[in-house]
Amino acid sequence: MFQQNLPFQQGQIIPAPSLKHPKREFKITSQINKFNQSIIYQVIPSNWSIKNEVALQAFPFHLNNTQNLKNIYQQIKDYQKKQNLQASDCNPSGIIIIYDQFEFQHQLIIVMELGQADLVTHLQKNQLDIQQKQSICLQVLQSIQFLHEQNWIQQDVQPKIFTMVGQEVKLLHLKLCESKNPVLFAPLFFNQNYQALELCEIQSYHSQASNIWAVGVIFYEIISGEQLFSFKSGLDKEQIKLQLFNQQEIQRKINQLEISYEWKQTIFQMFNPNQLLRITAQPAFQKLSQNNIAQICKIKQIQPNFSHFANINLQINQITQLLEQQLIVPQTQLSTVALKQLKQTVKRLLYKLNNQEVNPFSQIQKKLPTEISNLLKVFKNKIKEIEQSYNYEDEQIQELKRVQAKLKEYQDQIQNSSNIKTQIKQCNEKIIQAKQMQKDVKECQALERKLKEFNYDKLQNECRDCQEKILSLEKEIESAKFMHQKKIKLEKEYEDKRIKFQELNKEDLNTQFLKLKGEVINLELQIEMKQELANEISSLKSQINSKKVQLESNEQYSQKLREKKSLEKQIQDLQEDQEKVTLQENLNKIYTSEH
């Protein structure tokens, strides 16, 4: 039994000496978060280089992976230290800053940066625009990408494990395992709303693909403000599996989001039912960061300060609207007229900018704001992309049809595999039943062989002989009782004669006394012998009863034969003893009659 660690109390002082700060302490101010296997506290440090409030996360020592946990936090601390170097080109980890770790009262304590609020509370209390929501999504994905690059798997991905530090989103709670040694999925300690489809199987393991599924659910909740899945407690696993497998419903909900086509497609790829084909963290992050609609929204809000560019500015706004429409509406749904209109409008704008009679583009290019110059470059690149997509539109449609057919194939295979698993399970149960039946048949055959080997007539004769011997022994016991009563009678006579002998002379008294004493001693010896015989008889009775039980169960027949011989010998000895007792009684009678 492991000792249950009690939580720290408000105002409690936690000593944490180190080599540089031997008098370092932390004062508990409040408990700010609690997970399945750890508690996070807000603390005030003293006698330390960091003066601001920090957070302590306490893990009990009885966890099986305590040493592994120490190593993981040390690796993260080293990475963050390397990242802080000016010459370093490391990508941000997206994880809360780790300051130190130490041991206290059978607990591993992690000293970390203090967050302002968890992600759930931040989303509930603040009205965020689409740009801010997408920025949060990218930061969530960045932290998961970092873990996957280190070959780690986060076992519990949900908004609760992220915290806000200023305007940054950071991963607060780590529950990791290595990709090469995945951990078995435990539904009891997991929020089912973020459970991937493959985790509905009987024996399933956490994976990087299941992390990506949970990230997709978080993305939907951040952008829409609603839950993608809301499973009630106690819901059957098969019912959960059916809802998670409903790709059409998932796609319908994602298409309702007011985000670009690239974002919709990338999020939908996070819910691929085949985890081998599901998008991974790195390509997902690259796609979403490159196609962030927030950049275009920001450009749209820029207005030039000089009036002679009014016509140009109007056309820029028109193109911006068309580009936004292009980002939101899938390319396969754009009409040919819309594509041509977009191309012609952009070409007219570029022609006017380069061939104006009054203000040639070569003369005003230096006067244009940097934002408009950048916007023109974006327009040119976007026109090239649209032309490419327009030229290969038919091929994309055919490819989409092939992908849909392949997806249907995979769905059929998954359905067939589930049926096969059920059949295999039934076959295994039948095999187990057949093995048990075979075992029972062998046991029955062995019992039949033993029954054939037994000679019941002989055993019955032996039982009758034993019963006769018991009767004779019972008679001897009755005789012993009679002798005991005779002893009592003689003792009484002895007492009467002793009183009479007191009146006689001393010599006669001594003579009579010695004779009577001898008779009493002989009677006592006889009674003791009878009692011993009675004890042996009762012992033999119990042995005979046990032998009867053993004979009825048809076991250890050979041993019983030996025991039978032993009983016969004991009975013979008893008979000899009985003859001796009888002879002694006769002698006593003769002796008594003579005197």
Side-chain angles (χ1 to χ4, degrees), residues 33-38 117-125 128 133-134 136-141 143-144 147 153-164 169 171-177 182-257 259 263-264 266-275 278-279 281 284:
N33 216 329
K34 185 176 182 180
F35 298 96
N36 289 333
Q37 295 178 334
S38 67
D118 62 73
L119 182 56
V120 177
T121 305
H122 180 73
L123 294 172
Q124 291 174 350
K125 291 186 177 181
L128 306 177
K133 290 179 179 179
Q134 288 179 318
I136 291 174
C137 291
L138 288 173
Q139 293 179 71
V140 168
L141 181 58
S143 61
I144 301 300
L147 297 180
I153 300 170
Q154 173 70 13
Q155 300 177 42
D156 184 15
V157 180
Q158 57 176 313
K160 183 182 176 182
I161 68 172
F162 295 93
T163 186
M164 299 299 300
V169 181
L171 181 58
L172 173 66
H173 175 62
L174 297 178
K175 188 179 179 183
L176 304 177
C177 63
V183 175
L184 189 66
F185 173 65
L188 185 62
F189 303 105
F190 197 85
N191 191 331
Q192 291 182 329
N193 294 336
Y194 304 93
Q195 174 181 340
L197 177 62
E198 60 271 11
L199 297 181
C200 293
E201 301 299 330
I202 296 176
Q203 275 198 340
S204 54
Y205 293 84
H206 291 279
S207 64
Q208 293 185 354
S210 63
N211 284 177
I212 295 300
W213 180 290
V215 169
V217 178
I218 294 174
F219 275 24
Y220 180 85
E221 292 182 1
I222 292 172
I223 297 171
S224 68
E226 300 175 354
Q227 288 187 325
L228 181 58
F229 305 107
S230 182
F231 299 120
K232 297 180 180 178
S233 59
L235 191 63
D236 184 69
K237 186 177 287 188
E238 290 299 324
Q239 294 176 338
I240 296 175
K241 189 174 180 180
L242 287 174
Q243 293 189 39
L244 297 180
F245 196 75
N246 191 348
Q247 293 286 296
Q248 294 180 351
E249 179 63 18
I250 294 174
Q251 188 169 22
R252 184 188 68 79
K253 290 184 177 181
I254 293 174
N255 287 336
Q256 291 177 353
L257 300 176
I259 52 177
W263 270 74
K264 291 179 182 178
T266 305
I267 294 175
F268 184 65
Q269 290 174 11
M270 295 180 180
F271 297 102
N272 194 313
N274 188 340
Q275 57 178 325
R278 194 173 300 157
I279 193 170

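No hydrogens, no waters, no symmetry mates; every other heavy atom, side chains included, goes into these values. As the structure is a computational prediction, the values presented were derived from the model and not from experiment.
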### Query
Could you walk me through whether Leu119 and Met164 pass the side chain to side chain contact (heavy atoms under 4.5 Å, CB included) check?
CA-CA 6 Å; Leu119 182 56; Met164 299 299 300; 4.1 Å; yes
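- Residues Asn33 and Lys160 approach most closely at OD1-CE, 3.6 Å, considering heavy atoms.
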### Message
Could you go through Val215 and Val157, starting from their C-alpha distance and side-chain angles, then the distance that decides it, and tell me whether this counts as side chain to side chain contact (heavy atoms under 4.5 Å, CB included)?
### Response
CA-CA 7 Å; Val215 169; Val157 180; 4.3 Å; yes
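- Atom OH of Tyr220 sits about 10.5 Å away from atom CD1 of Ile267, to the nearest 0.5 Å.
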### Message
Checking Lys175 against Ile161 for the side chain to side chain contact (heavy atoms under 4.5 Å, CB included) test, could you report, in this order, the C-alpha distance in whole Å, the side-chain angles of both residues, the deciding distance, and whether it holds?
### Response
CA-CA 10 Å; Lys175 188 179 179 183; Ile161 68 172; over 6 Å; no
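- Within a 6.0 Å radius of CD in Gln248, no more than 12 heavy atoms belonging to other residues, nucleotides or ligands are found.
- Rounding to the nearest 0.5 angstrom, the gap separating the CG atom in Asp118 from the NE2 atom in His173 is 13.0 Å.
- The main-chain N or O of Val169 is found under 3.5 Å from a side-chain atom of Gln139 such that the two form a donor-acceptor pair.
- Put simply, the side chain of Ile136 reaches to within 4.5 Å of the side chain of His122, judged on heavy atoms.
- Of the inter-residue distances, the one linking Ile153 atom CD1 with Ile144 atom CD1 reads 11.0 Å to the nearest 0.5 angstrom.
- When side chains are defined from C-beta on, Ser224 does not count as touching Lys253, because their heavy atoms never get closer than 4.5 Å.
- Using a 4.5 Å heavy-atom cutoff, the side chains of Trp213 and Leu244 are in contact.
- With values rounded to the nearest 0.5 angstrom, Leu257 atom CG is found 12.0 Å from Phe219 atom CZ.
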#### Entry: side chain to side chain contact (heavy atoms under 4.5 Å, CB included) evaluation trace for Ser143 with Gln154
CA-CA 10 Å; Ser143 61; Gln154 173 70 13; over 6 Å; no
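- Between the side chain of Lys264 and the main chain of Ile254, no donor-acceptor pair closer than 3.5 Å is present.
- Rounded to the nearest 0.5 angstrom, Gln256 CD and Gln251 CD are separated by 11.5 Å.
- The two residues Val120 and Pro159 have their closest heavy-atom pair at CG2-CB, 3.5 Å.
- Here the side chains of Asn193 and Val217 are not in contact, with every heavy-atom distance at 4.5 Å or above.
- Ring orientation note: the planes of Phe271 and Phe229 are nearly perpendicular, at an angle over 60° on the 30°/60° scale.
- For the pair Ile218 and Phe162, the minimum side-chain heavy-atom distance is below 4.5 Å.
- Between Leu128 and Leu123, some side-chain heavy-atom pair lies under the 4.5 Å cut-off.
- When all heavy atoms of Leu174 and Leu171 are compared, the pair lying nearest together is CD2-CD2, 3.4 Å.
- Under a 3.5 Å cut-off, the side chain of Gln275 and the backbone N or O of Gln208 do not form any donor-acceptor pair.
- Residues Gln269 and Arg278 have side chains not in contact (no heavy-atom distance under 4.5 Å, counting atoms from C-beta outward).
- A distance-only check finds no donor-acceptor pair linking the side chain of Glu226 to the backbone of Glu221 [under 3.5 Å].
- Interatomic distance, OG1 of Thr266 versus CD1 of Ile279, reported as 5.5 Å (0.5 Å rounding).
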